[in-house]
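So that we are looking at the same thing, I have put the structure below in structure tokens.
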Protein chains: 2
Amino acid sequence: MATIYQVSELAGVSLATVSRVMNNNTKVSDKTKQKVLKAMAELGYQPNSIAQSLASNRSNSVGVLVSELHGPFFGDMMSAIEDTLRLEGKHTIITSGHSDEERERASIEFLIGRKCDALILHAEAVTDEYLLNLESRGIEFVLINRYIKQLENRCIRLDNKQGGYLATQHLIKLGHQKLAYISGPKWKQDAQERLQGHKQALTDAGIDFDEALCFEGDYQQSSGSKGLDWLCEHAPKFSCVVCANDEMASGVMTRARQLGINVPSELSVVGFDNIIYANYLYPTLTTIDYPIYEMGRMAAKYILKQVYEKKNLDIESVFVPKLEIRDSSIEYV
Amino acid sequence: MATIYQVSELAGVSLATVSRVMNNNTKVSDKTKQKVLKAMAELGYQPNSIAQSLASNRSNSVGVLVSELHGPFFGDMMSAIEDTLRLEGKHTIITSGHSDEERERASIEFLIGRKCDALILHAEAVTDEYLLNLESRGIEFVLINRYIKQLENRCIRLDNKQGGYLATQHLIKLGHQKLAYISGPKWKQDAQERLQGHKQALTDAGIDFDEALCFEGDYQQSSGSKGLDWLCEHAPKFSCVVCANDEMASGVMTRARQLGINVPSELSVVGFDNIIYANYLYPTLTTIDYPIYEMGRMAAKYILKQVYEKKNLDIESVFVPKLEIRDSSIEYV
DNA sequence: GCTATAAATGAAAGCGCTTACATTTTAAAT
DNA sequence: ATTTAAAATGTAAGCGCTTTCATTTATAGC
């Protein structure tokens with residue numbers, strides 16, 4: 001593999017000049033620029049980005065932490081980020097944290113060690129202190145789906161509480177009075193917020209929240225099924241179930257079918273996230289739209305603006321959820 | 001951030017010794033080793049992996065090319081690879097090629113430029129020549145889901161033809177005689193092979209393949225719906241449809257419901273891949289299991305063995321598809 | 001043509017590591 | 001104690017770039 005040195009030799013100029021045309025930095029006369037470009041083409045020269053990084057302390061890559069590499073939610077998020085950054089010639093290094101504090105921290109440190117210019121983090125398990133410390137270490141980063149007051153401007157988030165509110169309000173408007181709820185893991189911020197929204201909507205409608213109608217799932221499909229089983233056995237009668245994400249809602253619908261409960265005529269179901277296949281379930285799932293693609297794109301834009309000094313980018317940090325009404329929820333009769 | 005130099009100073013040893021304990025290479029006396037470790041801990045030293053890579057020409061990272069960052073198939077593949085490599089302290093850099101020759105090539109060159117020690121490629125669009133050339137450039141890589149004779153031992157693949165055969169055979173055994181087929185893009189190798197399997201199964205059963213019953217989709221859900229529309233309008237009567245992947249099968253089922261066609265009583269549907277939510281569709285989808293997680297893991301193992309010299313790993317390159325019978329296919333009456 | 005200034009180029013010092021080779025220390029053998 | 005080989009450690013030369021600063025060359029003004 002050709003090095004910058006060979007290029008400079010072939011072009012009859014110095015290392016520095018070659019480096020300059022690569023970065024089209026300072027003025028290089030057009031004549032020498034052409035010579036260099038020609039030499040590069042001739043040698044099929046490709047700069048060694050490791051060497052570039054070491055010398056410049058810039059890697060042109062941004063690190064991304066997701067909880068899981070699979071799953072429609074993170075897939076969309078990664079796509080959005082990579083699409084956006086690639087347009088500007090930046091690269092994406094992806095790691096997963098599996099919602100585990102230890103692993104999240106290890107991943108973040110890896111990315112830092114890899115000299116990423118900035119990080120985009122969907123960090124769920126790591127403490128606020130750790131993140132605050134990151135800032136004081138001078139690390140550039142942005143948080144997706146997490147809110148920390150002192151880091152407010154670095155937080156790209158959805159108003160989860162509002163989302164939870166909308167989902168529940170929708171069912172109440174349809175006449176439902178006995179609402180079951182399957183939440184995400186309560187230690188997760190978004191799960192808490194969605195549940196808060198649910199409670200608020202109940203309160204506003206004059207309905208008391210009943211702990212017995214609430215099951216804590218883990219955001220996996222299977223816990224939706226498990227949740228429905230548990231509710232059928234332990235909870236008072238209910239006519240609908242609000243799920244903290246679509247995966248669990250899907251689990252609920254599948255289990256309901258197995259139990260011979262018709263959705264939506266006997267049981268209305270509402271999800272959260274509007275993942276791609278919510279629209280392919282049967283019945284199609286009423287849900288709260290989580291504009292994760294847009295948010296991923298926005299996180300990338302934030303980095304482009306703050307770190308790579310692209311101007312003219314408007315950063316918007318709080319996104320508003322939208323109710324997406326489909327077939328899984330109908331009027332209570 | 002502390003450097004190796006500061007560690008060596010604090011520990012009162014040379015650079016080389018510090019480097020040695022990091023790589024626990026040559027013998028270092030236990031006493032000095034402890035001194036160094038202590039100094040590292042004290043300084044919170046983290047080796048700069050960029051510098052390591054430049055000096056050693058080893059990055060401890062492997063590059064992965066997928067077609068899309070989202071979607072259940074690639075998600076599982078990425079997860080498998082990252083899980084396996086991380087256990088050995090290797091890191092994963094992921095890029096996407098969007099099934100486009102230009103972009104696939106750009107991604108691969110990026111990974112090479114990034115000095116990945118090896119590549120795991122799900123390359124669909126790039127030519128055989130390019131891949132062969134990669135080998136002669138001395139790049140270490142393994143191919144997932146692609147077969148090139150001269151690169152045979154680098155190909156981790158599924159017997160797609162056999163899969164296509166099984167799907168079709170299953171329906172024939174159920175008594176179906178008029179089978180429609182929705183293929184993937186015909187330029188893709190796996191789509192061709194699956195179709196071949198389909199034709200073979202027809203032939204073996206003494207049924208003529210009818211071009212008019214075959215629609216070329218693009219592996220997206222929407223093209224399943226479009227395919228069904230097209231078939232209903234242009235094709236002779238059929239009692240079932242074989243789809244070259246689950247996404248299109250899901251599109252078919254959704255569209256069938258909209259058209260008032262009952263699945264499976266009026267139309268049996270079979271998919272391919274056994275993606276995670278095939279089991280959550282309604283009706284649950286009969287499909288061909290594609291052990292992509294195992295294959296991703298195997299690709300990673302191949303790299304560990306060939307490049308990182310881990311012994312005792314058995315590499316198996318051809319995987320066998322399995323028919324997964326669920327509710328979307330029933331006997332023809 | 002000669003000086004003043006700007007523009008283009010080159011020389012060389014790193015960036016933070018690894019590693020071949022040289023040197024010193026330790027242990028074993030006599 | 002002395003010699004010898006082996007083990008431990010140190011020295012220093014890169015890896016392929018970027019970037020500061022010095023130097024050369026071109027441009028302009030008189």
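Protein chains get the first letters and strands the later ones, always in sequence-line order, with residue 1 at the start of each.
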message: Other residues, nucleotides and ligands only: do more than 12 of their heavy atoms fall within 6.0 Å of CD1 on I112(A)?
response: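 Count over threshold, so yes.
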- prompt: Nearest to the side chain of T32(A), which nucleotide is it out of dC17(D), dT9(C), dA20(C)?
  reply: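 Minimum distance to the T32(A) side chain belongs to dT9(C).
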- request: Just call it for T3(A): base, sugar-phosphate, or nothing, with non-hydrogen atoms closer than 4.0 Å on any strand.
  value: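 The answer is sugar-phosphate, as T3(A) gets under 4.0 Å only of primed atoms, P, OP1 or OP2.
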field: dT18(C) phosphate, OP1 or OP2, under 4.0 Å from S19(B) side-chain N/O
entry: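 Affirmative; the distance criterion is met.
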query: Do the side-chain N or O atoms of T17(B) get closer than 4.0 angstrom to the phosphate oxygens (OP1, OP2) of dG10(D)?
result: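 So the side-chain polar atoms of T17(B) do come within 4.0 Å of the phosphate oxygens OP1 or OP2 of dG10(D), strictly under.
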message: Tell me whether L151(A) at atom CG has more than 12 heavy atoms from other residues, nucleotides or ligands lying less than 6.0 Å away.
response: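 More than 12 within 6.0 Å, yes.
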message: Please check this pair: side chain of S96(B) against backbone of H98(B), looking for a donor-acceptor N/O pair closer than 3.5 Å.
response: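 No: the side chain of S96(B) does not pair with the backbone of H98(B).
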task: Could you check how far CG of L54(B) sits from P of dT19(C), rounded to whole Å?
output: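 About 12 Å, once rounded to whole Å.
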- prompt: Closest to the M22(B) side chain: dT18(C), dA8(D), dT20(D)?
  reply: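 Nucleotide nearest to M22(B)'s side chain: dT18(C).
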- prompt: Taking OP1 and OP2 of dT18(D), is either one under 4.0 Å from a side-chain nitrogen or oxygen of S56(A)?
  reply: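 It does not, given that no N or O in the side chain of S56(A) lies less than 4.0 Å from OP1 or OP2 of dT18(D).
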task: Examine distances only and state if a side-chain atom of E101(A) and a backbone atom of V126(A) form a donor-acceptor pair shorter than 3.5 Å.
output: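 Absent.
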query: With a non-hydrogen cut-off below 4.0 angstrom, is N48(B) in contact with a base, only sugar-phosphate, or nothing?
result: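 Sugar-phosphate contact only.
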Selection from dG10(D), dC15(D), dG16(D) that lies nearest to any side-chain heavy atom of A51(A):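 Among dG10(D), dC15(D), dG16(D), the one nearest the side chain of A51(A) is dG16(D).
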message: Counting only side-chain heavy atoms from C-beta out, which of dA8(C), dG16(D), dT19(C) sits nearest to S29(A)?
response: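 Among dA8(C), dG16(D), dT19(C), the one nearest the side chain of S29(A) is dA8(C).
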task: May I have the distance from Q52(A) (atom CD) to dC15(D) (atom P), rounded to whole angstrom?
output: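 Spelled out: CD on Q52(A) to P on dC15(D) is 17 Å.
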Whole-Å gap separating P (dC15(D)) and NZ (K115(B)):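 These atoms are roughly 12 Å apart.
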query: Between dA8(C) atom C1' and Q34(A) atom CD, what is the distance in whole Å?
result: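 Atom-to-atom, Q34(A) to dA8(C), this comes out as 16 Å.
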- prompt: Counting side-chain heavy atoms from C-beta on, which of dT9(C), dC17(D), dG10(D) comes nearest to V13(B)?
  reply: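 Closest nucleotide to the V13(B) side chain: dG10(D).
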- prompt: Would D190(A) and R157(A) pass as an ion pair if we require N to O under 4.0 Å?
  reply: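 Looking at R157(A) together with D190(A), the answer is no, because their closest N to O distance does not fall below 4.0 Å.
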query: Separation of I50(A) atom CD1 from dG16(D) atom P, in whole Å?
result: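 Distance check: I50(A) CD1 to dG16(D) P gives 12 Å.
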- prompt: Given atom OH of Y5(A) and atom P of dA13(D), what is their separation to the nearest angstrom?
  reply: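 That distance rounds to 17 Å.
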query: Rounded to whole angstrom units, what separation is found between the CD1 atom of I4(B) and the P atom of dT18(C)?
result: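 The distance from CD1 of I4(B) to P of dT18(C) comes to 5 Å, rounded to the nearest Å.
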task: Rounded off to whole Å, could you give me the CG-to-P distance for the N60(B) and dG16(C) pair?
output: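 In whole Å, dG16(C) P lies 20 Å from N60(B) CG.
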- prompt: Is there a side-chain polar atom (N or O) of N23(A) under 4.0 Å from OP1 or OP2 of dT18(D)?
  reply: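 True: N23(A) side-chain N/O within range (under 4.0 Å) of dT18(D) OP1/OP2.
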